Amino acid sequence: MLDIKFIRENADLVKEAARKKKITVDVDRLLSVDDERRVLMSAIEAKKAEQNKVSEEIPQADSARRESLIASMQTLKAEIGADEEKLKPLMEVWQALMLQVPNIPDMSVPDGESDADNVEVKQWGEQTRFEFTPQSHTDLMVRHGMVDFERGTKVHGFRGYYLMGDGARLSWAIWNYANDFFLAKGFEPLLVPTIVRKSNLYGTGHLPNDAEDVYRTQDDDYLIGTSEVSTMGLYSDEVLDQAQFPIKFLAFSPCYRREAGSHGKDVKGLIRVHEFFKVEQVVLCEASHAESVRLHEWINRNTEEFIESLGIPYRTVLNCGADIGQGQVKKYDIELWVPGEGKYREISSASYFHDFQTRRFNIRYRDAEGKMRYAHSLNCTAIPTPRILVSLVENFQQADGTVRVPEALVKYFGKAVIG
RNA sequence: GGAGAGAUGGCAGAGUGGUCGAAUGCGCCACCUUGGAAAGGUGGUGUACAGGCAACUGUACCGAGGGUUCGAAUCCCUCUCUCUCCGCCA
């Protein structure tokens, strides 16, 4: 959500933002609806002022005068009612349009039509090559009893899986290692609700636009697709203390995604599943662009460092306009090398939002001058499982079909080789 | 799932149809007092929107949404949440 005053004063900037993000929103319509809204509201407020004034006179008036005042107030009341009836549909349109308005992307965000136009900003490690014919993560993991897709689909359906044996052990090792790694950087651990009210998804910007991708319950609650949702909801409608900033949470939760519209994509393996686990960095800071930028670089770097400590080759891309969300100002993706596919696959996403989310969540603080301000928010994947297992087992497989365990994980996993 | 009680400003807590944006206390801020502090005294202390260069003015907000009324924190309806008791239960 942007401030309507900002939209009014910067209509061209907002239109350019929509163009860059390939989002359709009728800014001119919003502005004209807003004009109507303001005219109508001042009319109503003037009439209510009159009503309040006369209502104060009524108790003191003598009975003849009282009769006439009440009579005139009855007509005024009818007029106010009529105006309010006109305002109601106008507000619905206004609100729907406001929810469509994108945040302004940073100048550094490149133009582009799709994720193919993301710009590589960094490459780390050598793309793994083998002297032998490498196996896919599905073959490797099935062979070592780490995963069971057949029973997974029997129980859950399409994209279902069980992690078992060393697959389950490796997941725990990664979670425990990630927990130690990120908490050492000053994060507060957080376990969050995964069933949330609708308002939280509006807050993060997942609704209204990504409605088909979220699961809904019969009580009209929703399953989160990322712990960002419930972590951001934590301080909704609260006024925070500036001294607390930056607030750094390391949230952990299952994540649920319907993956509607991607039925043909990544149908095999653990790349794309309906249900996974994610450790997530979520940060709230003061309303400063410089601070947002600093923390954005920092959280992205945290995840890079984590991947480096595992020794998996990766690259970092700067997402182009078409590949960043409605609320995001700028986004980096970290992509890990997947030898079986001969390409990099997204594992992490670092974004900052300025006050786009906090405005919707109403998360504020009082600044040094005593002024109420909306905080800034950012988030970045720390580590998703089981997707991370794909690159892990494929990059560290050996000629005999065994899989080496990264040094950093050995103490958590308990052994150095799988198989 | 059943029965009951409740939701008021940063907090506690009055207020059951008109001068209540809301008593009082605590907290907080400023000033006075002091060598400094405490205590005491005086004054102040919400948010959002609209209009205005501004001072300021208007409107709304007493859990949320509707309704009754010239007028609602106060009456009525619906919903949400909290607490207590019973039942069930990881």
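A quick note: this is a predicted structure, and the numbers were derived from the prediction, not measured. Throughout, protein chains are lettered first and strands after them, A, B, ... in sequence-line order, and every chain is numbered starting at 1.
- The side chain to side chain donor-acceptor pair (under 3.5 Å) test with A:Tyr332 singles out one residue from A:Arg301, A:Glu297, A:Glu304, and that residue is A:Glu297.
- If you measure from atom CG of A:Asp241 to atom P of B:C28, you get 15 Å, rounded to the nearest angstrom.
- Residue A:Arg364 places its side chain closer to B:U47 than to any other of B:G51, B:U47, B:C70.
- Look at the C1' atom in both B:U47 and B:G21: the space between them is 11 Å, to the nearest Å.
- Non-hydrogen atoms lying under 4.0 Å from RNA chain B are contributed by A:Met73, A:Gln74, A:Lys77, all within residues 72-86 of chain A.
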Side-chain polar contacts of residues 191-198 of chain A - donor-acceptor pairs under 3.5 angstrom, sequence neighbours left out - could you list them?
| from | atom 1 | to | atom 2 | distance (Å) |
| --- | --- | --- | --- | --- |
| A:Lys198 | NZ | A:Asp220 | OD2 | 3.4 |

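- The separation of B:G51 from B:G13, taken at their C1' atoms, amounts to 37 Å, rounded to a whole angstrom.
- Electrostatic pairing of A:Glu84 and A:Lys48 counts as a salt bridge here, judged by a charged N lying under 4.0 Å from a carboxylate O.
- As rounded to whole Å, 15 Å separates atom C1' of B:A72 from atom CD of A:Glu56.
- Along RNA chain B, the nucleotide closest to A:Ile4 and the one closest to A:Ile58 are compared, and the more 5′ of them pairs with A:Ile4.
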Readout for nucleotides 54-64 of chain B: B = base within 4.0 Å of protein heavy atom, S = sugar-phosphate only, - = neither; 5' to 3' it is ----BSS----

Test salt bridge (charged side-chain N to carboxylate O under 4.0 Å, His left out) applied to A:Arg159 and A:Glu259, step by step: CA-CA 10 Å; A:Arg159 300 194 192 280; A:Glu259 297 293 349; 5.8 Å; no

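- Side-chain N/O atoms of A:Arg197 include one lying less than 4.0 angstrom from OP1 or OP2 on B:C81.
- Rounding to whole angstrom units, CG of residue A:Asp237 and P of B:U47 are separated by 16 Å.
- Taking atom CZ of residue A:Arg366 and atom P of nucleotide B:G10, one finds them 9 Å apart after rounding to whole Å.
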Under the rule of Watson-Crick or G-U wobble with both distances under 3.5 Å, where | means paired to another strand and [ ] a crossing pair, RNA chain B maps to ((((((((.[[[..)..(.....]]]((((((.......))))))((((((....)))))).[[[[[..)....]]]]])))))))....

Name every donor-acceptor pair, under 3.5 Å, that has one atom in a side chain of residues 239-256 of chain A and the other anywhere in the protein, sequence neighbours excluded.
| from | atom 1 | to | atom 2 | distance (Å) |
| --- | --- | --- | --- | --- |
| A:Asp241 | OD1 | A:Ala243 | N | 3.1 |
| A:Gln242 | OE1 | A:Ala368 | N | 3.3 |
| A:Gln244 | OE1 | A:Asp241 | N | 2.8 |

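- Here, B:U16 and B:A73 have their P atoms 13 Å apart, quoted to the whole Å.
- Side-chain contact check for A:His137 versus A:Leu389: every heavy-atom pair is 4.5 Å or farther apart.
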Let me check something: any side-chain donor-acceptor pairs from residues 172-179 of chain A under 3.5 Å, sequence neighbours excluded? List them with distances.
| from | atom 1 | to | atom 2 | distance (Å) |
| --- | --- | --- | --- | --- |
| A:Trp175 | NE1 | A:Thr385 | OG1 | 2.8 |
| A:Asn176 | ND2 | A:Trp172 | O | 3.1 |
| A:Tyr177 | OH | A:Ser309 | OG | 2.5 |

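- For A:Arg8 and B:A50, the shortest distance from a side-chain N or O to OP1 or OP2 is below 4.0 Å.
- Listed candidates were B:A50, B:U47, B:G18. Nearest to the side chain of A:Lys5 is B:A50.
- Applying the side chain to side chain contact (heavy atoms under 4.5 Å, CB included) rule to A:Glu92 yields no partners; only residues at least two apart in sequence or on another chain are considered.
- Looking only at side-chain heavy atoms (C-beta outward), A:Asn302 and A:Phe306 stay at 4.5 Å or farther from each other.
- Checked against ring pair (Phe, Tyr, Trp, His ring centres under 6.0 Å), A:Tyr314 has the following partners two or more places apart in sequence or in another chain: A:Trp124.
- Following rounding to the nearest Å, A:Met41 (CE) and B:A48 (P) show an atom-to-atom distance of 15 Å.
- The stretch residues 27-37 of chain A does not touch RNA chain B, since none of its heavy atoms comes less than 4.0 Å from the strand.
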So A:Arg258 and A:Glu212, salt bridge (charged side-chain N to carboxylate O under 4.0 Å, His left out) or not? Walk me through it. CA-CA 7 Å; A:Arg258 291 187 66 230; A:Glu212 328 84 61; over 6 Å; no

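- The two residues A:Thr303 and A:Ala382 have their closest heavy-atom pair at CG2-O, 3.6 Å.
- Among residue pairs with one or both ends in residues 374-393 of chain A, none qualify as salt bridge (charged side-chain N to carboxylate O under 4.0 Å, His left out); sequence neighbours excluded.
- A:Gln326 is linked by a side-chain hydrogen bond (donor to acceptor under 3.5 Å, both in side chains) to A:Asn209, counting only residues two or more places apart in sequence or in another chain.
- Summarising the geometry, the separation between CZ on A:Phe361 and C1' on B:A48 is reported as 20 Å, rounded to the nearest angstrom.
- No contact: A:Leu69 has no heavy atom under 4.0 Å from any strand.
- As rounded to whole Å, 9 Å separates atom C1' of B:U69 from atom CD1 of A:Ile70.
- Nucleotide B:G10 holds its P atom 12 Å from the CD atom of A:Glu238, rounded to whole Å.
- A:Lys53 meets the side chain to side chain contact (heavy atoms under 4.5 Å, CB included) test with A:Glu50, A:Glu57; sequence neighbours excluded.
- For the pair A:Arg66 and B:C70, the criterion of a side-chain N or O lying under 4.0 Å from OP1 or OP2 is not met.
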